[in-house]
Amino acid sequence: MQWKKTLGEMTPYKPGKSIKEVINQYQLEKVVKLASNENPYGPAPSAKKLLENGTFEIEMYPDGNASSLRKKVAQKLDVSESSLLFGGGSDEIIVMISRALLDSGKNTIIATPTFPQYAHNAKIDGAEIREVALVDGHHNLDGFLKAIDKDTAVIWLCSPNNPTGNLIPGEDLKSFLAKVPDTILVVMDEAYYEYITDPSHTNTIDLLKEYANLIVLRTFSKAYGLAAFRIGYAVGNPEVISNLNKVRSPFNVTSAGQALAEAAMDDDDFIEKCSLLNREQMQRFKKYANVNKLHIYDSEANFVLIEVPGNGDIASEKLLKQGIIVRSGEALGTPGYIRVTVGSEDQNTGFFSAFDSLLADVQLLK
Ligand SMILES: *Cc1c(COP(=O)(O)O)cnc(C)c1O
């Protein structure tokens, strides 16, 4: 077979273990997954109710235009309907951007470490990837500017950044955008937007009026609790959106996903409550890290990147045996750390007690 050369250097995405796998592998009764930043409180009651009582025309293709959801999101964000593009998760929007703009001869600039799908897709599409190291978990935007040349087609920003959780301050973003040539698409991935509380954050949707080369990605997978239904979207200049729409597959977002996303949007209070609980629980992680003298990044999302004694792989394996699934920093470009989703109160208590025994092991070794 005549595969693209680049595939030889690639491996398929390796997700964290599922709850079922861990239960079977370690003969455990209860397993908590704090590995993929899903909402520990589930979707909004309004979405749950629709799933229980709603009927879907299962034999029919979905509305490829996602018209009803489009109208609702446009109203909520106060943007035109033609400013929106929906995808099977924002993951699929990343694929569309890469496919529409990147190929050999082009380059793309990303932070490192950041969400791996930007580089993954750029690689498949043959573009050169320019990585700019984070500084204390933050994007080094000056470094990004220096990496730009005439062949730069896409810049990926992730705020809060996965896996560190750090936010790009609004003022930094604005001065960055003012300096980036308008021939380069700047992608602002805001998968954790709903969790942000830092006042230095700026409303990126407002910036779209000023910068036609900016596109903002949001998702229903995280705070909205609909990860299983794969639905995310992009907000951008209608011309940009219209070009991306050319590479979208015709029925890319399921009927159930569209309907559930709409229903979930009817419960702003739920999202606010989840964000508040996340803040409260996040404080426990910060306190735990401080008490145990472990470094923790300043996260504005629903996960934390926390230092472990020794190696992240070994630490996450030890936690796994106690029924707690986390992501090893070794796999995320941050060795010596683990990334932990901020769970519910009980889940986090379970995590801390598992981590306590990990720390006790280290004491014994000393
Ligand atoms: C989870 C995540 C996504 C993907 O979310 P989906 O909408 O489920 O595809 C995109 N970007 C970042 C930074 C994420 O953490």
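Just so you know, ligand 1 is whichever comes first in the structure, and atom 1 is the first atom listed for that ligand. Side-chain atoms are counted along with the backbone in the values below, which use heavy atoms only and exclude waters and symmetry mates.
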- Query: Can Ser67 and Asn65 be counted as having a side-chain donor-acceptor contact under 3.5 angstrom?
  - Reply: yes
Can you list, pair by pair, the side-chain donor-acceptor contacts under 3.5 Å of residues 49-60, counting residues two or more places apart and other chains?
none

- Task: Check whether Ile215 and Leu85 end up in the same hydrophobic cluster, where Ile, Leu, Val, Met, Phe, Trp and Tyr are linked by side-chain heavy atoms less than 4.5 Å apart.
- Result: yes
- Query: Which residue pairs pass the salt bridge (charged side-chain N to carboxylate O under 4.0 Å, His left out) test with at least one member in residues 105-133, sequence neighbours excluded?
  - Reply: Glu128-Arg130, Arg130-Asp149
- Partners meeting side-chain contact (heavy atoms from CB on, under 4.5 Å) with Leu28 (sequence neighbours left out): Val22, Tyr26, Val31
Give every pair made of an N or O atom of ligand 1 and a protein N or O atom lying under 3.5 Å apart, one pair per line with both atom names and the distance to 0.1 Å, or write 'none'.
from: ligand 1; atom 1: 5 (O); to: Ser90; atom 2: OG; distance (Å): 3.4
from: ligand 1; atom 1: 7 (O); to: Ser90; atom 2: N; distance (Å): 2.6
from: ligand 1; atom 1: 7 (O); to: Ser90; atom 2: OG; distance (Å): 3.0
from: ligand 1; atom 1: 7 (O); to: Thr219; atom 2: OG1; distance (Å): 2.5
from: ligand 1; atom 1: 7 (O); to: Ser221; atom 2: OG; distance (Å): 3.3
from: ligand 1; atom 1: 8 (O); to: Ser221; atom 2: OG; distance (Å): 2.5
from: ligand 1; atom 1: 8 (O); to: Arg230; atom 2: NH1; distance (Å): 2.7
from: ligand 1; atom 1: 8 (O); to: Arg230; atom 2: NH2; distance (Å): 3.3
from: ligand 1; atom 1: 9 (O); to: Ser90; atom 2: N; distance (Å): 3.1
from: ligand 1; atom 1: 9 (O); to: Asp91; atom 2: N; distance (Å): 2.9
from: ligand 1; atom 1: 9 (O); to: Asp91; atom 2: OD2; distance (Å): 3.3
from: ligand 1; atom 1: 9 (O); to: Arg230; atom 2: NH2; distance (Å): 2.8
from: ligand 1; atom 1: 11 (N); to: Asp189; atom 2: OD1; distance (Å): 3.4
from: ligand 1; atom 1: 11 (N); to: Asp189; atom 2: OD2; distance (Å): 2.6
from: ligand 1; atom 1: 15 (O); to: Asn162; atom 2: ND2; distance (Å): 2.9
from: ligand 1; atom 1: 15 (O); to: Tyr192; atom 2: OH; distance (Å): 2.6
from: ligand 1; atom 1: 15 (O); to: Lys222; atom 2: NZ; distance (Å): 3.1

- Item | Test side-chain contact (heavy atoms from CB on, under 4.5 Å) applied to Leu173 and Leu167, Leu214, Thr204, the passing residue | Thr204
